[in-house]
Amino acid sequence: MEISTKELRIQPGRIISRVNQGLDVTITYKGKPAAKIIPIRKTETVNPENTEDELFGLWKDREDIGNVDQFVRSMRKGRKL
């Protein structure tokens with residue numbers, strides 16, 4: 001489905017309901033595609049019990065960090081001068 005920015009401004013509820021039905025909506029600005037609204041599809045449920053103490057990103061390979069919560073607290077402590 002393709003709509004203009006004016007249609008999006010005038011009828012946002014109708015467009016959101018179409019997205020909820022599973023349609024992808026392309027928003028055009030001056031006749032050219034500018035953005036796309038797609039429905040959120042739940043692909044995987046994350047179990048919070050398994051990820052509570054896991055590190056991610058640049059820190060995931062660090063072995064010198066034991067407990068994540070304690071490490072973050074120690075980083076946030078103020079310096080005493």
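Numbers for residues simply follow the sequence, beginning at 1. Small disclaimer: the values here were computed from a predicted structure and weren't measured.
- Of all non-hydrogen atoms in Leu23 and Pro39, the two that sit nearest each other are O-CD, 3.7 Å.
- Not a single side chain to side chain contact (heavy atoms under 4.5 Å, CB included) links Lys30 to another residue, sequence neighbours left out.
- Partners of Ile16 according to the side chain to side chain contact (heavy atoms under 4.5 Å, CB included) rule, which considers only residues two or more places apart in sequence or in another chain, are Asn20.
- Under the 3.5 Å distance criterion, the side-chain polar atoms of Thr5 are left unmatched by any main-chain donor or acceptor of Tyr29.
- Taking CD1 of Ile37 as the start and CG of Asp24 as the end, the distance is 10.0 Å to the nearest 0.5 Å.
- Put simply, NZ on Lys36 and CD1 on Ile27 are 11.0 Å apart, with the number rounded to the nearest 0.5 Å.
- For the residue pair Ser4 and Glu7, the shortest heavy atom distance occurs at N-OE1, 2.9 Å.
- The environment of CD1 in Ile38 is sparse: at most 12 heavy-atom neighbours from other residues, nucleotides or ligands sit within 6.0 Å.
- Here the OG1 atom belonging to Thr26 is positioned 10.0 Å from the CE atom belonging to Met1, to the nearest 0.5 angstrom.
- Proximity of Ile3 to Thr28: side-chain heavy atoms (C-beta onward) are nowhere separated by under 4.5 Å.
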